[in-house]
Undergrad: 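One structure follows; several queries about it will come next.
Each ligand, and each atom within it, is numbered from 1 in the order the structure gives. All heavy atoms count here, side chains included; hydrogens, waters and symmetry mates do not.
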Amino acid sequence: MKRYVLALFVALCTWSVAHAQPAGSGAPVPPPPVQGADQSMNAGGSASPTAAPAAGSAATPGAGSPSTTKPGLAWYDELAAKPKDVSTNFWLPKSVNKVADESDHMFIACVALSAFFFLAIAIAVVYFVWKYRGMSMVRKIIPSPAHNDALEITWTVIPTIICVFLFYFGWRAYIEVVTPPQKAVEINVLAWRWAWEFKHENGVTDNNLHVPIGEPVRLVMTSKDVLHSFYIPVMRVKQDLVPRRYTYAWFEATKPGTYQMYCAEYCGTNHSQMKPAVVVHQAGMTTTWDDQNGHHSVVDRGYENYLNDKAAESTNMPPVDLGKMLYEKKGCNACHTIDGTPRVGPTWAQKDWGKQIQMSDGKTVTMDENYVRESILSPLAKARPGYPPSMPSFEGQLKEKELAGLIAYIKSLKQ
Ligand code: CUA
């Protein structure tokens, strides 16, 4: 009876190990694309004609220009909002980084080695359980050899050789991953709870990452508050962002398209919403797709035009429209709604403009331009009751004009 229980136990162990998730193996397959998923934070926001006339007119959605939820999006924002490109090779999403192959090979080599030894050991266990079944341990104790040169040399030399190979290839891949080429497009990455900001060499900032194809891109990254992690599965790039210091990553995109990026370090309530799009640009390429809003066709005008059009975007915008755009682009929508419901911070739809409002220390303050300006630049100076003091400062991150835009937008939301 005992041996059947033992055999069953071994079989169960074998099965459960074989079906376990490969822990820490890196890239999970991204979830299927959900249209507008990136914008799900501003559920109350609905339509937002964010683009400047200058930029927006460049490429309007084709095929009858359906009534999308985002009318008048600039061409580059439409590319960012399109469903993410997901194609897998069973294990991982297909890599689109020039230097991702070596880490993929390492991953496959480690999985194959583990699988080989796991199978070899499991088969041996099952075989010995079967071979020595019914043998009374009391009746016949076989003395085990105290020493066996051949055996010991074998189990020392073979694993050593395997380890040396793993180390050599792992080290080579690591050096490649941490050493960007001398000439690279540099992009500054700033993360905070709960948004990303990508700042390009000409000063343009965006909450989606736009990069050129076929050029090395070097990221200089830091965080305003807690640990975040920059993670693009298709690039095989994952790097922590640490407050008060800089960390680096680089990649060279090989295929134009729109991919998913994630925050891979748990950072609080809206951690799962820190998932911007990564747009790899190739000039002159037409991208076409269908979603619930109809048929879209956008001409990708390339990274250079992205930088120029994006820079021109805010110049001629009325302050309220600029504020509305920044509400999304600066990630205000992660914490503030515009439909009257409180989130992490107070809603922007208010009845209090021009009136006295209560602070948590009992004092009252007039809700006006000065109060809003101070709350953006030094959020902790005055605290509203019932909200955690968790907002990061935007000092130095907004131009005077942008501040005015945000103030005008909040003012316009008075009900
Ligand atoms: Cu940022 Cu998780």
Undergrad: Students often mix this up, so state it plainly: with edges at 30° and 60°, are the rings of Y127 and W130 parallel, tilted or perpendicular?
TA: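 Correct class here is tilted.
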Undergrad: Pair up each side-chain donor or acceptor in residues 162-180 with any protein partner under 3.5 Å, not counting sequence neighbours, and list the distances.
TA:
unit_1, atom_1, unit_2, atom_2, d
R172, NH2, E102, OE1, 3.4
T179, OG1, I175, O, 2.6

Undergrad: Sequence neighbours left out, what passes ring pair (Phe, Tyr, Trp, His ring centres under 6.0 Å) with H281? Give chain and number order.
TA: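 For H281, the residues satisfying ring pair (Phe, Tyr, Trp, His ring centres under 6.0 Å) (neighbours in sequence not counted) are W75, H210, Y306.
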Undergrad: Side chains of Q350 and Q415: does their closest heavy-atom pair fall under 4.5 Å?
TA: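 Not touching, per the 4.5 Å side-chain cut-off.
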Undergrad: Mind listing the protein N/O/S atoms less than 2.8 Å away from atom 1 (Cu) of ligand 1? Waters don't count.
TA: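 Under 2.8 Å from atom 1 (Cu) of ligand 1 - ignoring waters, which are not counted - the protein N, O or S atoms are H228 ND1, C263 SG, C267 SG, M274 SD.
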Undergrad: Enumerate the residue pairs fulfilling side-chain hydrogen bond (donor to acceptor under 3.5 Å, both in side chains) with a member in residues 191-200, sequence neighbours excluded, ordered by first and then second residue.
TA: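 Sorted pair list: E197-K330, E197-Q397, H200-Y303.
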Undergrad: Check this for me, if you would: do D77 and K329 make a salt bridge, where the nitrogen-to-carboxylate-oxygen distance has to be below 4.0 angstrom?
TA: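 Counted as a salt bridge, because a side-chain N and a carboxylate O are separated by less than 4.0 Å.
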